[in-house]
Amino acid sequence: MPDSTVYHYHNPDTGDHLASLLPPDHPEMVCLQQGSHDTQTRFGILGLLAAVLWFPLGVGLCLLDRRVVCRRCGLLIDDGVCN
Ligand SMILES: [Zn+2]
């Protein structure tokens with residue numbers, strides 16, 4: 001029989017209780033327990049090219065190509081194009 005330990009977590013942000021099979025040292029669970037993500041802003045290569053080639057108008061395109069990801073769990077927090 002496989003060992004299926006269920007871990008219980010408490011989200012400090014929302015106060016939600018959560019049961020998960022992921023261990024406490026899993027990146028996603030570390031983020032959950034801290035209530036925040038280790039965010040990093042990345043600019044897409046197309047946006048950077050546009051910013052250089054069509055300066056200053058391209059800077060707007062660069063911002064559209066911006067993505068905010070979590071360095072720890074890799075979650076995409078802000079997909080610039082959709083906003
Ligand atoms: Zn995260």
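Whatever order the structure lists them in is the order used to number ligands and atoms, beginning at 1.
- Annotation for G35 and D13: closest pair O-OD2, 3.1 Å, computed over non-hydrogen atoms.
- For the Zn ion (ligand 1), the count of nearby protein N, O or S atoms, meaning those under 2.8 Å away, is 4.
- For Y9 against P23, the heavy-atom pair with the smallest separation is OH-C, 3.0 Å.
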Stepwise salt bridge (Lys or Arg N to Asp or Glu O under 4.0 Å) check, R67 with D78: CA-CA 6 Å; R67 309 174 98 202; D78 185 1; over 6 Å; no

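- Screening residues 19-43 for salt bridge (Lys or Arg N to Asp or Glu O under 4.0 Å), with sequence neighbours left out, gives D38-R71.
- Between L63 and F43, the shortest heavy-atom distance links the atoms CD2-CE2, 4.2 Å.
- Not one N or O on the side chain of Q34 forms a donor-acceptor pair closer than 3.5 Å with the backbone of V30.
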